Undergrad: 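This is the structure I have questions about; it appears just below.
Not measured: the values here are computed from a predicted model.
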Amino acid sequence: MKDFKFPIKFNFKISTLSNDFTAKDADGNTIAYVKQKMFKMKEDILIYDNEQKSNVNFRIQADKWIDFSAAYKFTDKDGNEIGKVARKGWASIWKAEYELVDQHQNLQYHIREENGWVKVLDSLFGEIPVLNMFTGYFFNPSYKVTKLGNEDEILVRLKKMPSFFGREFEVSALKELDADDDQRIILGLMMMILLERRRG
């Protein structure tokens, strides 16, 4: 998952029970196929290099609980930990909030939902027959990635795109990122969106 071009699109499969999706870059190249293992007590996500699932490049697994927040560690194909993402428990009740940590356990980035009302309205209208078919076109939450100590500068934005069943998301880079960091941010957003889609 290197040398990719933004924006990156996450496209979820809706024909299966599993919560799988494909990540493609601006040139239409598949940079990852993300597969969530079913019926696991702890989250276990495999990141393949393509849709044929030829090779596992990364793995995301539930690590432990920190301040009422689940942490999910990223490991590469050799089993080396390259970072983790942690959901801020109570802070995420209204608006989703996550923290990205590097391989040295240093907090690097924040991921925050930009407008909590969008998700509330999406959930409310999603309970109304017929109207629930169209919520994916009108209520589209977005999430911003900011660096520790500079919360006003948005580096990356993930946005749900207008679509049936909320199956498409787009990741845009608003600032230039370090090579190692963009990979870590993408992995963090992959895990976050799996969790957020499950929450509704």
Undergrad: What pair of heavy atoms forms the shortest contact from Y98 to E196, and how long is it?
TA: OH-OE2, 2.6 Å
Undergrad: Please report the shortest heavy-atom distance between L100 and R184, naming the atom on each side.
TA: CD2-O, 3.8 Å
Undergrad: Consider only side-chain N and O atoms of Y143 and E97, and report whether a donor and an acceptor are under 3.5 Å apart.
TA: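 No, no side-chain donor-acceptor contact under 3.5 Å.
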Undergrad: Of the non-hydrogen atoms in M190 and A32, which two are nearest, and what is the gap between them?
TA: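 Distance-wise, the nearest heavy atoms are CE-CB, 3.8 Å.
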Undergrad: What are the two closest heavy atoms between L187 and I60, and how far apart are they?
TA: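 For L187 and I60, the tightest heavy-atom pair comes out as O-CD1, 3.8 Å.
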Undergrad: Given side chains that start at C-beta, do those of Q105 and K84 come closer than 4.5 Å, heavy atoms only?
TA: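 Q105 vs K84: side chains touch.
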Undergrad: In Å, rounded to the nearest 0.5 Å, how long is the span from CD1 of I31 to NZ of K9?
TA: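 Reported to 0.5 Å precision, the distance equals 13.0 Å.
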Undergrad: Kindly indicate, with the supporting measurements, whether the criterion side chain to side chain contact (heavy atoms under 4.5 Å, CB included) is fulfilled by D181 and Q108.
TA: CA-CA 9 Å; D181 288 359; Q108 271 193 309; 3.3 Å; yes
Undergrad: Can you tell me how the ring of Y33 sits relative to the ring of Y48, calling it parallel under 30°, perpendicular over 60° and tilted otherwise?
TA: tilted
Undergrad: Of all heavy-atom pairs between F58 and D76, which one has the smallest distance, and what is that distance?
TA: CD2-CA, 3.9 Å
Undergrad: Walk me through it: do L155 and Y109 pass the test side chain to side chain contact (heavy atoms under 4.5 Å, CB included)?
TA: CA-CA 10 Å; L155 303 177; Y109 299 100; 3.4 Å; yes
Undergrad: Under 4.5 Å between any side-chain heavy atoms of F4 and N29, yes or no?
TA: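 When only atoms from C-beta onward are counted, N29 and F4 do not touch, as no gap falls below 4.5 Å.
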Undergrad: Any chain of hydrophobic side-chain contacts (each under 4.5 Å) joining L195 to I185?
TA: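 As far as the 4.5 Å side-chain criterion goes, I185 and L195 are connected within one cluster.
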Undergrad: Of all residues at least two apart in sequence or in a different chain, which pass the salt bridge (Lys or Arg N to Asp or Glu O under 4.0 Å) check with D27?
TA: K5
Undergrad: Taking the basic N atoms (NZ, or NE/NH1/NH2) and the acidic carboxylate oxygens, is any pair closer than 4.0 Å for K159 and E114?
TA: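 Result for this pair is no, no salt bridge flagged.
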Undergrad: Check the pair R157, V145 against side chain to side chain contact (heavy atoms under 4.5 Å, CB included), reporting the backbone distance first and the verdict last.
TA: CA-CA 6 Å; R157 176 177 280 121; V145 179; over 6 Å; no
Undergrad: Should we say atom CG of D152 is surrounded by more than 12 heavy atoms from elsewhere, each under 6.0 Å from it?
TA: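 Count not over threshold, so no.
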Undergrad: Find the distance between CD (E113) and CG (L158) and round it off to the nearest 0.5 Å.
TA: 11.0 Å
Undergrad: Check whether any side-chain heavy atom of K35 sits under 4.5 Å from a side-chain heavy atom of K53, and report yes or no.
TA: yes
Undergrad: For T75 and E81, test the side chains for any donor-to-acceptor distance below 3.5 angstrom and give the result as yes or no.
TA: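 No - no donor-acceptor pair under 3.5 Å links their side chains.
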Undergrad: Can you check whether I186's main-chain N or O pairs, donor with acceptor, with D182's side chain at less than 3.5 Å?
TA: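 It does not hold such a pair.
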Undergrad: What about F21 and F12, are their ring centers closer than 6.0 Å?
TA: yes
Undergrad: Check each of L194, D20, T22 against V34 using the side chain to side chain contact (heavy atoms under 4.5 Å, CB included) test, and report the only one that passes.
TA: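 Between V34 and the candidates, side chain to side chain contact (heavy atoms under 4.5 Å, CB included) is satisfied uniquely by L194.
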Undergrad: Mind checking salt bridge (Lys or Arg N to Asp or Glu O under 4.0 Å) for E153 and listing every partner two or more places apart, or none if nothing turns up?
TA: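 Partners of E153 by the salt bridge (Lys or Arg N to Asp or Glu O under 4.0 Å) criterion, ordered by chain and then number, come out as K175.
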Undergrad: For the residue pair N50 and T30, what are the closest heavy atoms and their distance?
TA: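 Reported closest heavy-atom pair: CA-CG2, 4.1 Å.
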Undergrad: Is there a side-chain contact between E170 and I8 (heavy atoms, below 4.5 Å)?
TA: no
Undergrad: Do V56 and Y72 sit in the same hydrophobic cluster, where Ile, Leu, Val, Met, Phe, Trp and Tyr count as joined when their side-chain heavy atoms come under 4.5 Å apart?
TA: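 Different hydrophobic clusters.
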Undergrad: What pairs with A173 under side-chain contact (heavy atoms from CB on, under 4.5 Å), at least two apart in sequence or on another chain?
TA: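 In terms of side-chain contact (heavy atoms from CB on, under 4.5 Å), with neighbours along the sequence ignored, A173 is linked to F6.
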Undergrad: Are the side chain of R59 and the backbone N or O of I47 linked by a donor-acceptor pair below 3.5 Å?
TA: no
Undergrad: Between V101 and N106, does the side chain to side chain contact (heavy atoms under 4.5 Å, CB included) criterion hold? Intermediate values first, please.
TA: CA-CA 5 Å; V101 176; N106 296 317; 5.6 Å; no
Undergrad: Tell me whether I111 shares a hydrophobic cluster with I82, the cluster being built from Ile, Leu, Val, Met, Phe, Trp, Tyr side chains joined at under 4.5 Å.
TA: yes
Undergrad: If we count only N and O atoms by modelled type, under 3.5 Å, do the side chains of Q61 and E43 hold a donor and an acceptor together?
TA: no
Undergrad: Without hydrogens or angle criteria, can the side chains of N57 and D49 be said to hold a donor-acceptor pair below 3.5 Å?
TA: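 Side-chain D/A pair, N57 to D49: absent.
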Undergrad: Does the side chain of E151 come within less than 4.5 Å of R112's, by heavy atoms?
TA: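 Of all side-chain heavy-atom pairs linking E151 with R112, at least one is under 4.5 Å.
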